[in-house]
Amino acid sequence: MAAIRYNDINTSAAWARLHQHQRATRHMHMRQLFEADSRRFQRFSVELDGLLLDYSKNRVTGRTMELLFELAATANLRDWMGRLRSGERINISENRSVLHYALRLPAGSELIVEGVDVVAQVQDVLARLTTFCERVRSGGWTGFDGRRIRDVVNIGIGGSDLGPELVCEALASFSSPELDIHFVSNVDGQHLARTLERLDPATTLFIVASKSFTTPETLLNARAARAWFLQHAGEGDIARHFVAVSTNTDAVRDFGIDVEHMFGFWDWVGGRYSVWSAIGLPLMLSIGPDAFRQFLAGGHAMDRHFFAAPFEHNIPVILALLGIWYNTFYRAHTHAIMPYDHGLRRLPAHIQQMDMESNGKRVGRMGEWLDFDTGPIIWGEEGVNSQHAFFQLLHQGTRLIPCDFILPLNSHYPIDGQHRVLVANCLAQTEALMRGKDEAEVLDEMGSVPDELVDILLPQKLFPGNQPSNTIAVDRITPYTLGMLIAMYEHKVFVQGAIWGVNSFDQWGVEYGKQLARRIEPELSDGAETWQHDCSTLGLIAHFRKRHRG
Ligand code: F6P
């Protein structure tokens, strides 16, 4: 197949100017930028509805930002935003619109796509979810022995797990004390078994969450959960204990779940963007329909901002461009996300799927090869635990690692001043990463030390600094602010994909491993035919056959 170059963003003048600018400014230190401009914080921060983005601790000047905005214009970003918003089928390889933002449109607004009233569809499902959640939460929906539901087990994986789990954890302080929500994703039997051993089948509700309803891990777990349930109850009781969230009605019916108890969504919602849809059912059960609508409202506030604000004040656009600055022009390979909030500890994992499954692509949306780096490796861990784990490398390692620090200014759990310690740590890290510690400061701290020791110790106590970070502060984590945060990252990912020219909404890369797993699974049994694998895979299959006692 001949390689066709379609997206020529990397041959544009804007791209070349950014390379040139990077070469000219790469030795500039942020410490000097701060010393030279006492209003740098004001110049490089944006506030929206109580969410503050401080991006002043980045290796940028006003000129850098101008050039980045020029790149966005060269890539026709506004046009792409319009296409997304109008429901054009921008997910070309799957011939689908990308309308997760429509899940957050308030009732009464209008969005007609290809003759379909999208808002009406969304609101219908929301109304059904609301009725269902109210019954479960009030105790009106009972299990097979007449007792109310106490535990909800969401069985799903990827986007049908990460988003819902994150939001339930993050909003635990808003949750109903009557219900415990559990998440089972891994096909490792340990995950389901350890969850079920604590539960009473008569008061447990299972949500089988799968957009496709063909994902083997989810179906295996769902079948195992049903088998466990049937040890204690009859087939006729399944209807009260199993509901489904999916786009695949036939598969749900075939599985044996009453489609009356299925909550649908649409092919224009990507799995990793689906927490706003019926996939968010665990959250609605946990915090209630009104608070769930607040979550949607927070996402919608970010959408309005994203679609309307000029790029210079547009939070997702700025974040995306800074990411491109490091990823493409500095060739930084990774981006770390550190939430200084225990409830947000699953945020890095959720953004990891959202970003890496979306922009981890090596070809453009029209199949053309891209000869520049696209999506970064997203990773991270909750602060302050991460400080005691990997911050050494951030401070004194050899790599450039841009970071996002997520900081709620108030805690739902105000234990004796602990939140101030948490905040102080967060701010201290961003400052230390930015300014570093120079020779004079180290010598000053060392006091009188013999010369030969100075030679050994001085280099070890130096901090180069100049490590970029964004601080994203919100008043506190509420359904609304959480909605803003997640939508902010979704749009960031979209902007980067639009500029790099990739389709951020398909995920062909996860298919190959699934195909091979289907082939290898029967081969793990003794006597089964073994394909022409490489000798490592053959060796491992043989090793398993010899040692497995299952
Ligand atoms: O394997 C990747 C993936 O397709 C994700 O994109 C998706 O979130 C996950 O699997 C689960 O898919 P489903 O909701 O269809 O079970």
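In each ligand, atom 1 is the first atom listed, and ligand 1 is the first ligand listed. Counting from 1, the numbers follow the sequence of the chain as shown.
- For ligand 1, the atoms lying closer than 4.0 Å to a non-hydrogen atom of Lys514 are 1 (O), 4 (O).
- For atom 15 (O) of ligand 1, the closest non-hydrogen atom on the protein side is Ser212 OG, 2.6 Å.
- Of the protein's non-hydrogen atoms, the one nearest atom 11 (C) of ligand 1 is Ile157 O, 3.2 Å.
- Across Tyr480, Trp276, Phe174, a single residue satisfies ring pair (Phe, Tyr, Trp, His ring centres under 6.0 Å) together with Phe295, and that is Trp276.
- Glu357 OE1, 3.3 Å is the protein heavy atom nearest to atom 5 (C) of ligand 1.
- Of all non-hydrogen atoms in Ser246 and Ser210, the two that sit nearest each other are OG-O, 2.7 Å.
- A salt bridge links Arg150 with Glu178: the distance from a Lys NZ or Arg NE/NH1/NH2 to an Asp or Glu carboxylate oxygen falls below 4.0 Å.
- Looking only at protein heavy atoms, the nearest one to atom 8 (O) of ligand 1 is Gly159 N, 2.7 Å.
- A salt bridge links Arg89 to Glu114: at least one charged side-chain nitrogen sits closer than 4.0 Å to a carboxylate oxygen.
- The two residues Ile477 and Thr481 make their nearest non-hydrogen contact at CA-OG1, 3.5 Å.
- In summary, the atoms of ligand 1 found under 4.0 Å from a heavy atom of Val510, numbered by their order in the structure, are 1 (O), 2 (C).
- The shortest heavy-atom distance from Gln353 to ligand 1 is under 4.0 Å.
- Residue Gly271 places no N or O, backbone or side chain, under 3.5 Å from any N or O of ligand 1.
- Of the protein's non-hydrogen atoms, the one nearest atom 12 (O) of ligand 1 is Thr215 OG1, 3.5 Å.
- For Arg476, the CZ atom counts as densely surrounded, since its 6.0 Å shell holds more than 12 non-hydrogen atoms of other residues, nucleotides or ligands.
- Using a 4.0 Å cut-off to heavy atoms of Gly158, the atoms of ligand 1 that qualify are 8 (O).
- The closest donor-acceptor contact from the side chain of His182 to the backbone of Asp151 lies at 3.5 Å or more, if one exists at all.
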